[in-house]
Q: 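Could you have a look at this structure, given as structure tokens, before my questions?
Worth knowing before you read on, the calculation uses all heavy atoms, side chains too, and leaves out hydrogens, waters and symmetry mates. Remember, it's a predicted structure, so these values are computed and weren't measured experimentally.
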Amino acid sequence: MNIRLSKTKYLNGLQCKKLLWYIYNEPDAIPEPDATTQAIFDQGHLVGEYAKKLFPNGVEVDHSETFEAGLRQTRDLISKRVSIFEAALTYKRCYARADILEPVADDNWDLIEVKSSTDLKDVNYHDIGFQYYLYTGAGLKIDKCYLMCIDNSYVRKGDIEPCKLLKKIDVTDEIKTSYSTMVENNVAEMVKAINSKTFPQIDIGAHCNEPYDCPLIDKCWSFLPERNVFFLYRNNKLPMTLIQEGVFELDKIPEKYEISAKNQIQVDCEKTGKPYIDSQKIKEFLDTIQYPAYYMDFETFASAIPMFDNSSPYKQIPFQFSVHVVKEKGTKPEHFSFLADGTDDPRPEFMAKLKNVMGTKGSVIAFKASFEMYILNKCAEVLPEYQQWVDSIDERIIDLLQPFSDFAYYHPQQDGSCSLKKVLPALTGKSYDDMEIGDGGTASAEYCRVTFTEDNKDKKKVRKLLEEYCGLDTMGMVDIVEQLYSFK
DNA sequence: ACTCCTATAGGTAGGCTGTA
DNA sequence: TACAGCCTACCTATAGGAGT
């Protein structure tokens, strides 16, 4: 096979050679990225657009024609010594496009890799190292290598200022002395792996999620039983050891291994098939609830590029809340909700509407309540007239996650997770499975799509689904507490 | 992607006990 | 009585898990 290795495939190969083999030999076995992953990629492209604004005279290589045309145009632009976006070069079996090549003194070029993350990661070194190896091999003289990424301390005031939004990190030394020097060897090994008749035998391990979630994870991990040792709560070391000893099932862990009290509860539940109930702890938790009880949940979105004044990269902006109010223990809850519309900053209306609903006394119950309090405090920074009210909510807040992360209650169906998405079905039988919008990530992505993009034909339907989803979260919390009362 | 929180693990310091 | 060694408790750093 005449193999051409792109930068992305090089990084795939570093993560796992089995993945690399599949990419070349059985590409149909690799699932397409889901909508949430795609939204992250789109975000990256947008950041790239702002990075280009820092080089107003830059020229972008046109890749809409043939592969060779892109290479030819790149060569032409290199000879003209202008700033180039998406410059495409090949060397030996390697191919890459440079986000930005900037001509500098003495016929040199600076290489700039743009990322939408907020700091430097190991994988970025390999990424730039591959490019450095390739471009110098192709005859370019590279002076400095930079990673350009998001400065999350930037606060938007007026139009986006790309020079403040983005920061440049000099990685020249690491690239030249280390990461570019290992490319030749790595590529040779990768080519060997790709050309092999069968995929390389590689055990499952931490690399399946590092640095990226592998698309083949379902395939490689399918040999494990449904409830396996990897579900042990907060225990990632022991499962690998157990697997190597041939222990796959939670209820077959040999006694010689000491496990935490919570893990022990899990294992015991797996053996009996019954939930664990610490009625004393549950009672103590329930006794902290004061009525009227306000069950509260927010949905937020966070973009790399801050969309509004007084917001920062990746800072959560709330656009929706759902509140179920239970006046007296056991009475039917009353539902209040808000879903922002339009492209303006939703925070002022969100805060005003929420304050109206929340009353002045009684518990405020949220799942992972620190998230809701964080959002409220961030809003109060921008809208200081709400700070006192936010403080009063802080005094009323109760975290419904607590009895579950404490293992006051554990059901084997939770699969070692205390998330609402696991607790609710295990405890009440209610499920998110058949919902078109069934998790916060999708809710956030769909809201942004129909609100901020042209792709909004189904806006009415999406808004209805969002209302359903957020309402299910709070109603689910009501059901969970009702259920807990029965264990008291 | 990020961020916050917290459980856990590991390390250090201080105190106690036992032995010389 | 003094010293050494061990154990415990506390603190800190990190990794995992929750949310979107």
Side-chain angles (χ1 to χ4, degrees), chain A residues 33-48 114-121 123-124 149-154 206 209-213 230-240 258-266 296-306 311-322 340 346 350 366-379 394 397 399-407 414-424 432 437-448 466 469-470 473-474 476-477:
Chain A
D34 60 28
T36 314
T37 314
Q38 193 56 50
I40 291 166
F41 291 158
D42 294 346
Q43 194 111 186
H45 296 142
L46 196 57
V47 172
V114 182
K115 285 275 174 273
S116 58
S117 56
T118 57
D119 52 21
L120 182 64
K121 296 182 196 71
V123 63
N124 302 137
C149 62
I150 298 280
D151 180 350
N152 59 4
S153 65
Y154 168 63
N209 301 289
E210 266 294 321
Y212 304 112
D213 290 342
F230 283 92
F231 287 113
L232 283 172
Y233 181 70
R234 295 188 78 94
N235 190 342
N236 277 16
K237 282 205 187 103
L238 184 59
M240 280 316 297
E258 274 190 34
I259 55 176
S260 68
K262 290 175 184 180
N263 283 171
Q264 193 59 55
I265 289 172
Q266 251 186 287
M296 180 176 83
D297 185 47
F298 302 164
E299 305 303 321
T300 65
F301 65 85
S303 53
I305 316 288
S311 72
S312 294
Y314 293 113
K315 282 287 171 302
Q316 310 277 352
I317 303 286
F319 63 86
Q320 181 179 21
F321 69 70
S322 168
F350 176 92
F367 207 93
K368 183 85 178 171
S370 60
F371 177 77
E372 270 69 23
M373 284 319 301
Y374 171 69
I375 299 300
L376 290 178
N377 276 303
K378 281 288 162 190
C379 285
D394 195 25
I397 199 92
D399 193 348
L400 186 52
L401 173 62
Q402 185 246 312
F404 300 98
S405 62
D406 230 21
F407 279 61
Q414 283 173 239
D415 291 338
S417 162
C418 310
S419 72
L420 184 56
K421 303 292 175 279
K422 288 285 188 182
V423 168
L424 182 61
Y432 295 82
I437 295 179
D439 68 277
T442 310
S444 172
E446 286 291 273
Y447 175 80
C448 288
L466 286 168
Y469 166 63
C470 198
D473 264 358
T474 46
M477 287 195 279

Q: Between C1' on B:dA1 and CD1 on A:Ile150, what's the gap in Å once rounded to a whole number?
A: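 Checked: the CD1 to C1' distance equals 11 Å.
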Q: Given C:dT20, C:dA18, B:dT3, which nucleotide is nearest the side-chain atoms of A:Leu401?
A: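 Nearest listed nucleotide: C:dA18.
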Q: Grab the N/O contacts between the protein and nucleotides 6-10 of chain B below 3.5 Å, and write none if there aren't any.
A:
residue	atom	partner	partner atom	Å
B:dA7	O4'	A:Arg234	NE	3.4
B:dA7	N3	A:Arg234	NH2	3.4

Q: What integer distance in Å separates A:Glu210:CD from C:dG16:C1'?
A: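 Roughly 12 Å, once rounded to whole Å.
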Q: Please give, in whole Å, the distance from C:dG16 C1' to A:Asn263 CG?
A: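 The distance from CG of A:Asn263 to C1' of C:dG16 comes to 13 Å, rounded to the nearest Å.
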Q: Indicate whether OP1 or OP2 belonging to C:dA18 is found under 4.0 Å from a side-chain N or O atom of A:Ser419.
A: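 No, because none of the side-chain N or O atoms of A:Ser419 sits under 4.0 Å from OP1 or OP2 of C:dA18.
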Q: If you round to the nearest 0.5 Å, how far is CG of A:Asn235 from CD of A:Gln266?
A: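 Answer for the CD-CG pair, A:Gln266 versus A:Asn235, is 9.0 Å.
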Q: Please state how far atom NZ in A:Lys422 lies from atom C1' in C:dG19, giving the value in whole angstrom units.
A: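 Rounded to the whole Å, the gap is 16 Å.
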Q: NA contact type, A:Asp297, heavy-atom cut-off 4.0 Å: base, sugar-phosphate, or nothing?
A: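 The answer is sugar-phosphate, as A:Asp297 gets under 4.0 Å only of primed atoms, P, OP1 or OP2.
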Q: Walk me through it: do A:Lys315 and A:Lys378 pass the test side-chain contact (heavy atoms from CB on, under 4.5 Å)?
A: CA-CA 9 Å; A:Lys315 282 287 171 302; A:Lys378 281 288 162 190; 4.1 Å; yes
Q: Any side-chain donor paired with an acceptor under 3.5 Å for A:Asp415 and A:Ser417?
A: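 On atom types as modelled, these side chains do not qualify, holding no pair under 3.5 Å.
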Q: From C-beta outward on A:Leu420, which listed nucleotide comes closest to its side chain: C:dA18, C:dG19, B:dC2?
A: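 Closest nucleotide among those given: C:dG19.
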Q: Need one value for A:Phe298: base, sugar-phosphate or nothing, where a base atom within 4.0 Å counts as base even if backbone is also close, heavy atoms only.
A: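 Sugar-phosphate only.
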Q: Categorize A:Asn152 for me: base, sugar-phosphate, or nothing, with a 4.0 angstrom heavy-atom threshold over every strand shown.
A: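 Touches sugar-phosphate only.
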Q: Judged by each residue's nearest nucleotide on DNA chain C, which is more toward the 5′ side, A:Lys368 or A:Phe371?
A: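 It is A:Lys368, whose closest nucleotide lies nearer the 5' terminus.
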Q: Once rounded to the nearest 0.5 Å, what's the spacing between atom CG of A:Asn263 and atom OH of A:Tyr233?
A: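 One finds 10.0 Å between CG of A:Asn263 and OH of A:Tyr233.
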Q: To the nearest 0.5 Å, how far apart are OG1 in A:Thr300 and OH in A:Tyr447?
A: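 A:Thr300 OG1 to A:Tyr447 OH: 11.5 Å, rounded to 0.5 Å.
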Q: What does A:Gln43 touch in the nucleic acid at a heavy-atom separation under 4.0 angstrom: a base, only the sugar-phosphate, or nothing?
A: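 Since no nucleic acid heavy atom lies under 4.0 Å of A:Gln43, the category is nothing.
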Q: At 4.0 Å (heavy atoms only), tell me whether A:Tyr447 reaches a base, stays on the sugar-phosphate, or touches nothing.
A: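 Contact class for A:Tyr447: none.
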Q: Using atom CG of A:Asp415 as one end and atom P of C:dG16 as the other, report the distance to the nearest whole Å.
A: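 The distance from CG of A:Asp415 to P of C:dG16 comes to 19 Å, rounded to the nearest Å.
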Q: Within this structure, what is the CG-to-P distance between A:Leu400 and C:dG19, rounded to whole angstrom?
A: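 My rounded result for the distance is 11 Å.
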Q: Specify the separation, in whole Å, of atom OH of A:Tyr314 and atom P of B:dC2.
A: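 A:Tyr314 atom OH is separated from B:dC2 atom P by 6 Å.
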Q: Run A:Phe319 and A:Phe298 through ring pair (Phe, Tyr, Trp, His ring centres under 6.0 Å) and show every step you take.
A: CA-CA 8 Å; A:Phe319 63 86; A:Phe298 302 164; over 10 Å; no
Q: For A:Tyr314, which of A:Ser116, A:Ser303, A:Pro306 qualifies under side-chain contact (heavy atoms from CB on, under 4.5 Å)?
A: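 The side-chain contact (heavy atoms from CB on, under 4.5 Å) with A:Tyr314 is passed solely by A:Ser116 among A:Ser116, A:Ser303, A:Pro306.
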Q: Both A:Tyr212 and A:Lys378 contact DNA chain B. Which one's nearest nucleotide lies toward the 5' end?
A: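 The residue closer to the strand's 5' end, by nearest nucleotide, is A:Tyr212.
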Q: Return the nearest nucleotide to the side chain of A:Lys421; candidates are C:dT20, B:dC2, B:dA1.
A: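 Nucleotide nearest to A:Lys421's side chain: C:dT20.
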Q: Starting at atom CG of A:Asn124, determine the distance to atom C1' of B:dA1, rounded to an integer number of angstrom.
A: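 Interatomic distance, CG of A:Asn124 to C1' of B:dA1: 13 Å.
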Q: Roughly how far apart are A:Asp151 CG and A:Asp119 CG, rounded to 0.5 Å?
A: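 Here the rounded value is 11.0 Å.
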Q: Reckon A:Ser370 has a side-chain N or O less than 4.0 Å from the OP1 or OP2 of C:dA18?
A: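 Answer no for this pair, as no side-chain N or O of A:Ser370 is under 4.0 Å from OP1 or OP2.
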Q: Tell me which nucleotide among B:dT3, C:dG19, C:dT20 gets nearest to the side chain of A:Tyr374.
A: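 For A:Tyr374, the side-chain atoms sit closest to B:dT3.
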